[in-house]
Structure formats: structure tokens, C-alpha cells
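These numbers come from a predicted model, not from an experiment. By convention in this document, chain letters (A, B, ...) are assigned in the order of the sequence lines, proteins followed by strands, and residues within each chain are numbered from 1.
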Amino acid sequence: MPELPEVHGYQQYINSTCLNHKIVTLDVRDERLIKKPIKAFKEMLLGNSWVSTERVGKYLFVHVSSGDVLVIHFGMTGRPNYYHDSAERPRFGHIDIGFDNGYHFAFENKRKFGWWDITDTVEGYRKEHKLNIDARDLTFSQFIEAAAHRKTAIKNVLMNQSVTTGVGNWIADDVLYQAKIHPLKKANTLSKTELQTIYDKLQHVIEVAINLEARYVDFPDYFLIHVRKGREYCYHTGNELEKIKVGGRTTYFSAEWQEM
DNA sequence: AACGATGTTCAGAG
DNA sequence: ACTCTGAACATCGT
């Protein structure tokens, strides 16, 4: 279920398992998950190893000993799985790497919205794909600069990867809930104080989620995520949550708590 | 068994 | 040139 905190965890997982092993096999079960020809991936990976990783939002960059950078995006349903070759290949492990130590890295992707790409540098890729600073590294003034003038709903702004990267649907909902801001409020109508609150809650939600390794059930009670489904009730008001569409995504909020 | 889902991308409009 | 919107993408679990 990858948003920024999950991908952060995936990065730690990959760092502690997959680095510095020679890659001996690559199997891509569905080539729609790769954005370059299979040949290019084989040339980059086979005989080489993963050296280090960098995360920008939900994007994970792997520096390969070939000098290239592997770009991994987990989509809606991706997760890494490092398993020994005595075990069965995971059902949804659509891309699979074999290391010379007898272990494999399976890129599990149930809904096939995840993908791999190849690039030269992280910076180049960021520019090309208009990815702004990772939400965790963004300063308040950078947030103001990127967000305050936007004429669209604040929720769309939070999820726009060129404003800041890593915020997805549930984080945006939780941030606005905790900030007591209506998701449809236009960004350019928000006061400096409101923007500051949104920024602070964004940092808070991300840090809590990372510290708890994205185990939602362990999050504090005031997190929206516990009730972010049909016919549930606001922790503060006890009233039933509203469910609407914002920017094409399902959005939950508490009408009396997050007033327009 | 139709619908919704944590994701990005792209065309077209403003 | 930039910003915004909405549909498209794949397929599984409910």
C-alpha cells in the first residue's frame, strides 16, 4: 500500500537485503511493467549489483554498479519480497531478480500499476518528470512557493507531485482532517496560518507513519485512517463522515470539523 | 458480479 | 507556457 512512508520502509528493507550481491538472472513476466526494452534491463543488471538507493516521494532509485539508475515505482499495490530460491516464487512477483547468493528479489505487483524504468541521474529524472522536493524534506517556504498560488482544491495540491512528492490519497485526507481544513478549499484562499497548519500536520502524519513503520492500526486514535471507509464516524464530533470525489479520488472528511 | 482501489500519465481545455 | 480536469490504465478483492 505504498505512499511515502511505505516506500521508506521498502527502501530500508532493500538496503538490508539486496545490496552488493551479483545479479545472475532477471525474469520479467509481464513486459508492460517495464518502460524500456527488456534488453536494456538485462544489460544494466546482469553481472552487476545494486549499490545504494535513494527515495524521492514514492519513487525509489537504485544505483547499479553499471553506473545506471534503476527507477522503481510500486504503484498502488507493489511491495518488495526478498526470498530464498528454495521457496516458491510469489504469486504476484511479476519481476524477479536472482542473486548469486541463492536469494531472489521479487517485485510484487498485484494490480500491475507499478513499473521499472532506467535513467542516468536522479536529478535528471526528477526534472524531467516534474517531481518536486520529497514531502519530508520540503521546508515551509518551499511549500508556500509551490502551493499557495494554486487555484485548485487544497487536496489536489497536496497530491500534486510537482508541489511535493510522496503524498497520496490517504495522507492528504488525514493531513486535512488533522488540520481541520475542508478538502475542497482552494489553495489560494488559505491564510498563512492555515497553510502553516497544513504543513505541520503533513510533517506530523509522515513522521508518525514512518516511526510506526506504516502499521495503520498502531496510529494514534485521532488519525482519520482508522475510520476512512464507508459509514464511519468522526473521532471529534461523532458525526458520520462525508464521502466525496476530489480530483477523481475518493475523499473522506468530517463536515462539522473541517468547515468550508 | 459490479464496483472501487493506496498509483501516474496523458490529452484537451482554459 | 503553465495549470487544471477527467479519463485511462490492470486486475484483484469485496
Side-chain angles (χ1 to χ4, degrees), chain A residues 1-11 28-36 55-61 71-80 90-95 107-117 119 125-132 134-135 145-177 183-189 202 205-206 208-210 212-217 219 223-232 241 243-253:
Chain A
M1 306 176 153
E3 287 188 37
L4 188 156
E6 287 89 346
V7 179
H8 176 87
Y10 297 168
Q11 178 184 25
V28 178
R29 198 187 269 160
D30 186 336
E31 298 203 6
R32 288 173 300 182
L33 301 200
I34 54 176
K35 290 180 180 284
K36 299 271 188 319
R55 183 187 59 71
V56 179
K58 303 164 210 168
Y59 295 75
L60 188 65
F61 298 91
V71 189
I72 296 181
H73 197 292
F74 292 92
M76 296 227 247
T77 54
R79 64 175 188 189
R91 178 178 168 201
F92 300 111
H94 299 311
I95 303 180
F107 178 68
E108 293 192 36
N109 223 265
K110 203 176 279 189
R111 301 290 192 275
K112 295 188 175 177
F113 271 9
W115 43 259
W116 287 18
D117 199 356
T119 192
Y125 189 89
R126 278 191 46 208
K127 293 279 180 327
E128 198 179 327
H129 293 264
K130 299 188 174 26
L131 305 176
N132 201 16
D134 184 86
E145 189 186 343
H149 66 281
R150 305 256 173 183
K151 296 190 178 77
T152 189
I154 181 62
K155 176 168 180 185
N156 289 338
V157 172
L158 287 174
M159 289 197 301
N160 183 337
Q161 307 296 294
S162 65
V163 171
T164 184
T165 74
V167 179
N169 205 20
W170 80 254
I171 291 185
D173 278 2
D174 230 306
V175 165
L176 295 172
Y177 179 68
L184 285 175
K185 266 197 178 171
K186 307 295 185 206
N188 64 350
T189 68
L202 173 60
V205 168
I206 291 171
V208 167
I210 285 179
L212 296 173
E213 296 171 318
R215 291 185 308 269
Y216 304 158
V217 290
F219 289 5
F223 269 65
L224 177 70
I225 198 164
H226 298 300
V227 287
R228 202 180 166 283
K229 48 193 170 242
R231 295 195 67 81
E232 291 279 353
L241 297 170
K243 180 182 175 182
I244 59 173
K245 290 277 184 198
V246 181
R249 320 296 299 186
T250 299
T251 299
Y252 293 90
F253 71 105

**OP:** Side chain of A/Phe92 only, please: which of B/dT6, B/dG7, C/dG13 is the nearest?
**Re:** C/dG13
Original post:
Taking the six-membered ring for Trp, is the centroid-to-centroid distance between A/Tyr177 and A/Phe253 below 6.0 Å?
Top reply: no
Subject >> Consecutive-pair stems (at least three Watson-Crick or G-U pairs, under 3.5 Å) that include DNA chain B >> reply: B:2-5 with C:11-14, B:7-14 with C:2-9
Original post:
Phosphate oxygens OP1/OP2 of C/dT5: is one of them under 4.0 Å from a side-chain N or O of A/Lys151?
Top reply: no
Original post:
Atom NZ of A/Lys229 and atom C1' of B/dC3: how far apart are they, to the nearest Å?
Top reply: 19 Å
Original post:
Among C/dT5, B/dT6, C/dC12, which is the nearest nucleotide to the side chain of A/Lys110?
Top reply: C/dC12
Original post:
Can a side chain N or O of A/Arg32 be found less than 4.0 Å away from OP1 or OP2 on C/dC9?
Top reply: no
**OP:** State which residue, out of A/Lys35, A/Lys36, A/His129, fulfils the side-chain hydrogen bond (donor to acceptor under 3.5 Å, both in side chains) condition with A/Asp117.
**Re:** A/Lys36
Original post:
Can a side chain N or O of A/Asn169 be found less than 4.0 Å away from OP1 or OP2 on B/dA5?
Top reply: no
**OP:** May I ask you to check whether A/Phe107 and A/Phe74 place their ring centres under 6.0 Å from each other?
**Re:** yes
**OP:** Respond yes when some side-chain nitrogen or oxygen of A/Lys112 is under 4.0 Å from OP1 or OP2 of C/dC9, and no when none is.
**Re:** no
Original post:
Are A/Pro5 and A/Ile171 close enough that some pair of their side-chain heavy atoms sits under 4.5 Å apart?
Top reply: yes
Subject >> Interatomic distance, A/Met76 CE vs C/dT11 C1' [rounded to whole Å] >> reply: 10 Å
Original post:
Between A/His129 and B/dT9, does any side-chain N or O lie under 4.0 Å from OP1 or OP2?
Top reply: yes
**OP:** Compare all side-chain heavy atoms of A/Tyr59 with those of A/Ile72 and state whether any distance is below 4.5 angstrom.
**Re:** no
Original post:
Does B/dA5 have OP1 or OP2 sitting under 4.0 Å from an N or O in the side chain of A/Thr250?
Top reply: yes
Subject >> Any A/Thr152 side-chain nitrogen or oxygen under 4.0 Å from OP1 or OP2 of C/dT3 >> reply: no
Original post:
Any side-chain N or O of A/Arg249 less than 4.0 Å from the OP1 or OP2 oxygen of B/dA5?
Top reply: no
**OP:** Please report the C-alpha distance between A/Lys155 and A/Asp173 in whole Å, then the side-chain angles of each, then the deciding distance to 0.1 Å, and finally whether the side chain to side chain contact (heavy atoms under 4.5 Å, CB included) criterion is met.
**Re:** CA-CA 7 Å; A/Lys155 176 168 180 185; A/Asp173 278 2; 2.8 Å; yes
**OP:** Return no unless some side-chain N or O of A/Arg228 is found under 4.0 Å from OP1 or OP2 of B/dT6.
**Re:** yes
Original post:
From the list C/dG13, C/dA10, B/dT8, which nucleotide is the closest neighbour of the side chain of A/Trp115?
Top reply: B/dT8
Original post:
Within the structure, does a side-chain N or O atom of A/His149 lie under 4.0 Å from either OP1 or OP2 of C/dC2?
Top reply: no
Original post:
Closer to the 5' end of DNA chain C via nearest nucleotide, is it A/Arg111 or A/Gly248?
Top reply: A/Gly248
